[in-house]
Amino acid sequence: MKRLGNATMDLLPAAVQRPQFDRAKLRTGIVHLGVGAFHRAHQAVFTDDCLNAGDMAWGITAASLRQPDTHDALAPQDGLYTLSLRQNESQTLRVVGSIGQILVAPQDPQALIAAMTNPDVRIVSMTITEKGYAADVATGDLRLDDPAIQHDLAHPDTPRTAFCLLMHALRQRRAAGHKPFAVLSCDNLPGNGHLLQRVLGQFAHVQDPALAQFIADEVACPSCMVDRIVPATTDADRTAISARLGLQDAWPVVAEPFFQWVIEDNFPDGRPEWERSGVEFVSNVAPYEAMKLRLLNGAHTTIAAMGRVSGYQTVADAIQNPVIRAFLAAYWAEVTPTIAPGIDVPDYTRRLLARFDNTALHHKTAQIATDASLKVPQRIIAPLRALVGIGRPAPLLSFALAAWIRSCEGTDQTGAAMPMNDPRLQAWSARPGPDSSALDTVRAFTSHEPVFGPQGLDPASFIFVQEALSDIRKLGLLPAAALRLSRSA
Ligand code: CS2
């Protein structure tokens, strides 16, 4: 089978959408850091829409900050890859052409810095995951004890972090008299742009206080809310998509048709007309972020914990369980008072349920459970504290915390191994094991500052979590959830 690439695109079946522009004329206007599946199923697609409409100034140079795998798969394909959008029985295929070049930062950091220094580049966007920000959960300050940050402060010429790369590029642009680019964080963190500006400035401050001041004064870091469910691509996906294309695509992405992207319109040097794809530009994204993090991501993390412990491998399978489904509805109702008034929560959650039910996605609970300790603070603890702050109890969010704590015990309910993929939590040497009492376990977790901050948990929620964990251990997770539901109904 021939490989997907510029030279073979004409062989694609008519039903497969493909770039409508001359890729040789692509000019790079965006550098993206972290070229994972999410970027390729989200921002790169809406940028492709702009290129299709003829605005050739917004080609993407994308960089991996760690692994060469995306580069190695896509370089022989001229950066082309397939997006497979799936909803139950239906699937559409589209070849995306917005990524003109892929770099691998550890292999050649100077090439990446040079790409960012090109004055045609007006936006550096990033999907570097929660981990990439190295931010303290309570203060939002850069954690100077983070190993990658420590490395880059000691060896800035061999950068490992996005911040060090950005710092070099911004410094060089400034020295050359070029305007700075806007830095667009596309990670699932509240106030992602503000957070980025803060930690980037703090990183720069250690090296060059004047540059830190320049970042604070001159570099726009718009916040945005990103949404599209993108399960990890499997070998079976690669084979099936290549068969449909009649060409081999070694690195396609799979996603749901739904997407949302709400961006603070703060791009002093211009931006693509992403609104042509339905992207929303607003002056304040905070209400959208809270809605999405608390209703979608909070539910995801909860389903992942409950589902894994009770043996469900995918979100769609887990929520067919009547207890988990009922729990989800009650969870959303509990969170609702923390969502901004203008948002139609019943409508949003009705659509969410249909998205979670999508049988074609096979979105793995284990994928969502990755790095859960970095997700729980903004997804579950923040809305729990918001409820407590308005005098409301949070028995279901507390149960979700207990389910997450149970999911860190290393085995599922049948005793089968349930490996964790959460290096930050695994590095916690005092992490209690399954033999510690529920009280000791909850005490240890809630005073673990990287997750709960110095604030811990209020006494009423603490008791809810402790009772839930002890019921989960005694009765099993689903009966304990049913009991909690019946008590809080
Ligand atoms: C998920 C998200 O893996 C996870 O933690 O909750 O990646 C989720 O699928 C996206 O935020 C949806 O937009």
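In each ligand, atom 1 is the first atom listed, and ligand 1 is the first ligand listed. Everything quoted here is computed from the prediction, not taken from an experiment.
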query = Can you tell me the protein heavy atom closest to atom 1 (C) of ligand 1 and the distance?
reply = His300 ND1, 3.4 Å
task = Not counting sequence neighbours, which residues clear side-chain contact (heavy atoms from CB on, under 4.5 Å) with Ala386? List them please.
result = Arg294, Thr338
ask   = Touching ligand 1 at all, Gln260? Heavy atoms, strictly under 4.0 Å?
value = no
query = Should the proximity of His42 to ligand 1, defined as any heavy atom under 4.0 Å, be assigned to the side chain, the backbone, both, or neither?
reply = neither
ask   = Phe281 ring centre to Arg271 NZ or CZ under 6.0 Å, with the angle to the axis within 45°?
value = yes
task = Pull out every atom of ligand 1 sitting under 4.0 Å from any heavy atom of Asp227, numbered as shown with elements.
result = 12 (C), 13 (O)
Residue and atom name of the nearest protein heavy atom (relative to atom 11 (O) of ligand 1), distance in Å to one decimal = Lys292 NZ, 2.6 Å
Residue part near ligand 1, for Arg228, under 4.0 Å between non-hydrogen atoms = backbone
task = Tell me, please, which residues at least two apart from Ser310 pass side chain to side chain donor-acceptor pair (under 3.5 Å).
result = none
Cation-pi check, Arg228 onto Phe258 ring (under 6.0 Å, within 45° of axis) = no
remark   = When every non-hydrogen atom of Gly34 is compared with those of His39, the smallest separation belongs to O-CB, 4.0 Å
task = Could you check atom 2 (C) of ligand 1 against the protein and tell me its nearest heavy-atom contact, residue, atom and distance included?
result = Asn297 ND2, 3.6 Å
request  = Please check if any side-chain donor atom of His363 sits under 3.5 Å from a side-chain acceptor atom of Thr314, or the reverse.
outcome  = no
inquiry  = With heavy-atom distances below 4.0 Å as the criterion, list the atoms of ligand 1 near His363.
reply    = 9 (O)
ask   = How close does the nearest protein non-hydrogen atom get to atom 7 (O) of ligand 1, and which residue and atom is it?
value = Asn188 ND2, 4.3 Å
remark   = When distances are taken from atom 4 (C) of ligand 1, the protein heavy atom at minimum range is Lys375 NZ, 3.5 Å
task = Inspect the surroundings of CZ in Arg392 and state if more than 12 heavy atoms from other residues, nucleotides or ligands are less than 6.0 Å away.
result = no
